[in-house]
*Asks:* 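Have a look at the structure that comes next, please.
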Amino acid sequence: MASSNPAAKDSTAEFQFIAIQGPDDVKDRAQRRVARSHAVKQALGRKRKMQEESKDNFCPMSLKDRPKKPRKQGPVQQMNTGTPAGVPAGPLCRLSAGTLDPFQAFAVDMSRLQVLLGDYRARQAPEPVFSIAEELSFQDFKSVFRTGFGDPALLNAVMLSLAFAATGGSIDLECLGYQSQAISQIRQRMNRLGEAATETTIGTILLLAGVEARLGMKSQVQLHMGAVQGLLKMCRADGIYLTPGIKRAIFWQDLNSSILTGSRRIYDHTTFSELQWTRDSFIPHFFRLPIGFQTRSDLFTKEFIQVLEDLHALKCIRDVPHYTRGDPMLMSYINNHTASIQSRLMSLQDVSPVQECCCLAAYNCSVMLCCTLWCALVVPSHISSQLLVKLQQTSNDLVWDEHPELLVWLIYIGGAFAPAGTVRSEYVSLLRQMNSTRFRSLYRSWPELLDILKQFIWSDKAFLSPVKALWDEAIV
């Protein structure tokens, strides 16, 4: 008769009876193996049950703990990920604050995130909101948001930014999906304002605005930056602490969006205490006006001359022989230095056409000196196109006959950072035209040209290679 006692049933389940007729049974060895296997299985089962009762079988795990499996990758796979051969996938653990979700509870496909982080075009996409570059660790994901990827709105916005960059700056169905999810979640959150005043909400809006700025959507940028302004007011009123990283992200996204779309600026370099910068009194010789601008100081306002002096100091820091990126304190200081320069350049108004051209060239110099990981994907090429228009509009101005060296510097700084395409081709055409007219006897060789360029803002480390490439194109 079968027992009705569950405990009895469980205890008998631990035993397996094996009939042995005699010591010479031919099945003896096989049956012994079955018995040993069953005993091991029961022992493991008892151990697992004890772990479950003590919770020892649930341990936190990070990506660093995952076993590394060899992966075969053929040419087709390398082409699809967009990662040059030999370049490892992006550091996901830096983005997700070192945490791994073992239950796949994230709002998006994390394997897709890994693929996007391996795409060299996408790796700079979230900047200037945050960075995954080691040398900009002072502005990494964790320092800005103090969290992992648990926020679905933020995660969708990050995926949108990465996927948008991976497409080369166009919106496809994947991007639309991420954008729709991020906007929908933000709208729901804004209906509960008590939950909206957080770094993750502000960061989500900033990432949406960054994509809109690259698409030239001025009204949408202004709408989203206005929403950020409202959230900041709520944080001040309620005494909510925000990280220095999110404040820095607000400033840079506002500035870059204004450059790309012409949107109204809400913040400047004096808005947040974390971005305050003053000249270093220990290196006063860095803050001077290069000789090429000294001899033409009557062309410029006092405010612009001060910016040029600060820009020359930034160039000196960049050219220090043992200058290395990676020190958070140093990089934060340099970032504040750059923010002060670029913010003041954008604030100059009612200036002459010559100074307007010089402002644009100076802005490009400031970006390429120390911001190549921050905004070099988009901003320099946009500034170069604006400078080209101004140079073309003033090409017949007699002021260039009096100051041809300044015009040489402007054309080379503008053209060197323009990507291949129409704008760069027009710079080459302008150079060839000027070489046959205004510049005919000014320089005939590369060393002579270099002597002229060094009279203004110039760095061999940052400018030499791209400027030499433009020279080679123009003399063909």
Side-chain angles (χ1 to χ4, degrees), residues 95-97 107-108 125-132 136 138-162 164 178-214 217 219-258 260-261 263-275 332 335-336 339 343 374-375:
L95 289 181
S96 58
V108 301
E127 297 162 3
V129 178
F130 67 90
S131 175
I132 59 177
L136 293 179
F138 73 96
Q139 190 70 10
D140 63 12
F141 187 92
K142 187 176 181 180
S143 68
V144 174
F145 298 113
R146 298 183 294 178
T147 184
F149 267 168
D151 188 294
L154 178 60
L155 182 51
N156 274 284
V158 170
M159 294 295 287
L160 167 64
S161 181
L162 295 171
F164 178 74
Y178 298 134
Q179 184 183 50
S180 175
Q181 286 294 319
I183 292 175
S184 175
Q185 289 151 0
I186 286 297
R187 283 175 178 168
Q188 294 176 18
R189 197 170 300 175
M190 296 299 281
N191 293 329
R192 304 185 299 272
L193 292 180
E195 302 176 14
T198 63
E199 288 104 350
T200 53
T201 301
I202 293 172
T204 299
I205 298 174
L206 292 176
L207 289 169
L208 289 171
V211 172
E212 292 158 355
R214 289 191 62 180
M217 302 169 66
S219 60
Q220 287 298 106
V221 167
Q222 293 185 157
L223 175 67
H224 279 129
M225 294 309 300
V228 170
Q229 185 181 30
L231 290 173
L232 276 183
K233 290 179 179 178
M234 289 178 54
C235 292
R236 291 193 186 102
D238 296 340
I240 297 174
Y241 171 79
L242 294 175
T243 63
I246 198 66
K247 296 176 185 178
R248 195 179 296 275
I250 292 169
F251 165 81
W252 281 110
Q253 195 65 280
D254 182 56
L255 177 63
N256 287 355
S257 297
S258 178
L260 297 175
T261 68
S263 58
R264 178 181 62 88
R265 285 183 64 194
I266 302 176
Y267 312 97
D268 64 18
H269 58 290
T270 65
T271 303
F272 302 112
S273 60
E274 290 82 358
L275 273 83
S332 179
N335 189 252
N336 292 356
S343 181
W374 199 270
C375 52

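The figures that follow rest on heavy atoms only: side chains count, while hydrogens, waters and symmetry mates do not.
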*Asks:* Examine distances only and state if a side-chain atom of Ser258 and a backbone atom of Ser263 form a donor-acceptor pair shorter than 3.5 Å.
*Replies:*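 Such a contact is found between Ser258 side chain and Ser263 backbone.
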*Asks:* Going from CG on Leu160 to CG on Leu208, what distance comes out if it is rounded to the nearest 0.5 angstrom?
*Replies:*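 Leu160 atom CG to Leu208 atom CG measures 6.0 Å (nearest 0.5 Å).
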*Asks:* Check for a donor-acceptor pair, side chain of Thr261 on one end and backbone N or O of Ser257 on the other, with a separation under 3.5 Å.
*Replies:*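 Yes: the side chain of Thr261 pairs with the backbone of Ser257.
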*Asks:* What I'd like to find out is whether the side chain of Leu207 reaches to under 4.5 Å of the side chain of Leu154, using heavy atoms alone.
*Replies:*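 Result yes, sub-4.5 Å side-chain heavy-atom pair found.
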*Asks:* Where is the tightest heavy-atom contact between Leu260 and Ala213, given as atom of each residue plus distance?
*Replies:*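 Where Leu260 meets Ala213 most closely, the heavy atoms are CB-O, 3.8 Å.
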*Asks:* Please name the pair of heavy atoms, one in Phe251 and one in Ala339, separated by the smallest distance, quoted to 0.1 Å.
*Replies:*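 Closest heavy-atom pair between Phe251 and Ala339: CE2-CB, 3.4 Å.
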*Asks:* So how far is it from Ser161 OG to Tyr178 OH, rounded to the nearest 0.5 Å?
*Replies:*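 If we round to the nearest 0.5 Å, Ser161:OG and Tyr178:OH are 12.0 Å apart.
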*Asks:* Determine, using ring centers only, whether Phe141 and Phe130 are less than 6.0 Å apart.
*Replies:*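 When the ring centroids of Phe130 and Phe141 are compared, they turn out to be within the sub-6.0 Å range.
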*Asks:* Do Met225 and Leu206 make a side-chain contact, defined as non-hydrogen atoms from C-beta onward lying under 4.5 Å apart?
*Replies:*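 In contact.
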*Asks:* Would you say the side-chain atoms of Asn156 pair up with the backbone N or O of Pro152, donor to acceptor, closer than 3.5 Å?
*Replies:*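 Yes.
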*Asks:* Determine, step by step, whether Arg265 and Ser343 satisfy the side chain to side chain contact (heavy atoms under 4.5 Å, CB included) criterion, reporting the C-alpha distance in whole Å, the side-chain angles of both residues, the deciding distance to 0.1 Å, and the verdict.
*Replies:* CA-CA 10 Å; Arg265 285 183 64 194; Ser343 181; 2.8 Å; yes
*Asks:* Considering all heavy atoms of both residues, which atom of Ile266 and which atom of Gly226 are nearest to each other, and what is their separation?
*Replies:*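 Looking at all heavy atoms of both residues, the shortest contact is CD1-N, 4.1 Å.
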*Asks:* So do Val158 and Leu162 actually touch side chain to side chain, heavy atoms under 4.5 Å?
*Replies:*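 They are in side-chain contact.
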*Asks:* Is the shortest heavy-atom distance from the side chain of Asp151 to the side chain of Arg189 under 4.5 Å?
*Replies:*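 Asp151 reaches Arg189 side chain to side chain.
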*Asks:* I'd like to check Ile205 versus His224 (side-chain heavy atoms, cut-off strictly below 4.5 Å). Are they in contact?
*Replies:*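 Heavy-atom side-chain distance check passes, below 4.5 Å.
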*Asks:* Can you name the side-chain contact (heavy atoms from CB on, under 4.5 Å) partners of Thr270, sequence neighbours left out?
*Replies:*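 side-chain contact (heavy atoms from CB on, under 4.5 Å) list for Thr270, sorted by chain: Asp268, Gln276.
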*Asks:* Quick check: closest heavy atoms across Gly245 and Gln139, and the distance to 0.1 Å?
*Replies:*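 For Gly245 and Gln139, the tightest heavy-atom pair comes out as O-NE2, 2.7 Å.
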*Asks:* Indicate the atoms forming the closest heavy-atom contact of Gln253 with Gly210, along with that distance.
*Replies:*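 For Gln253 versus Gly210, the nearest heavy atoms are NE2-CA, 3.6 Å.
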*Asks:* Roughly how far, to the nearest 0.5 Å, is OG1 of Thr204 from CZ of Phe145?
*Replies:*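 One gets 7.0 Å once the value is rounded to the nearest 0.5 Å.
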*Asks:* Any donor-acceptor pair under 3.5 Å linking the side chain of Glu199 with the backbone of Arg146?
*Replies:*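 No: the side chain of Glu199 does not pair with the backbone of Arg146.
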*Asks:* So, do Arg248 and Val144 sit near enough that their side-chain heavy atoms are less than 4.5 Å apart?
*Replies:*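 Counting from C-beta outward, Arg248 and Val144 never come under 4.5 Å.
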*Asks:* What's the shortest heavy-atom distance between Ile240 and Ala197, and which atoms?
*Replies:*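 Here Ile240 and Ala197 meet closest at CD1-CB, 3.7 Å.
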*Asks:* Determine all donor-acceptor pairs shorter than 3.5 Å in which one atom belongs to a side chain in residues 227-239; sequence neighbours excluded.
*Replies:*
none

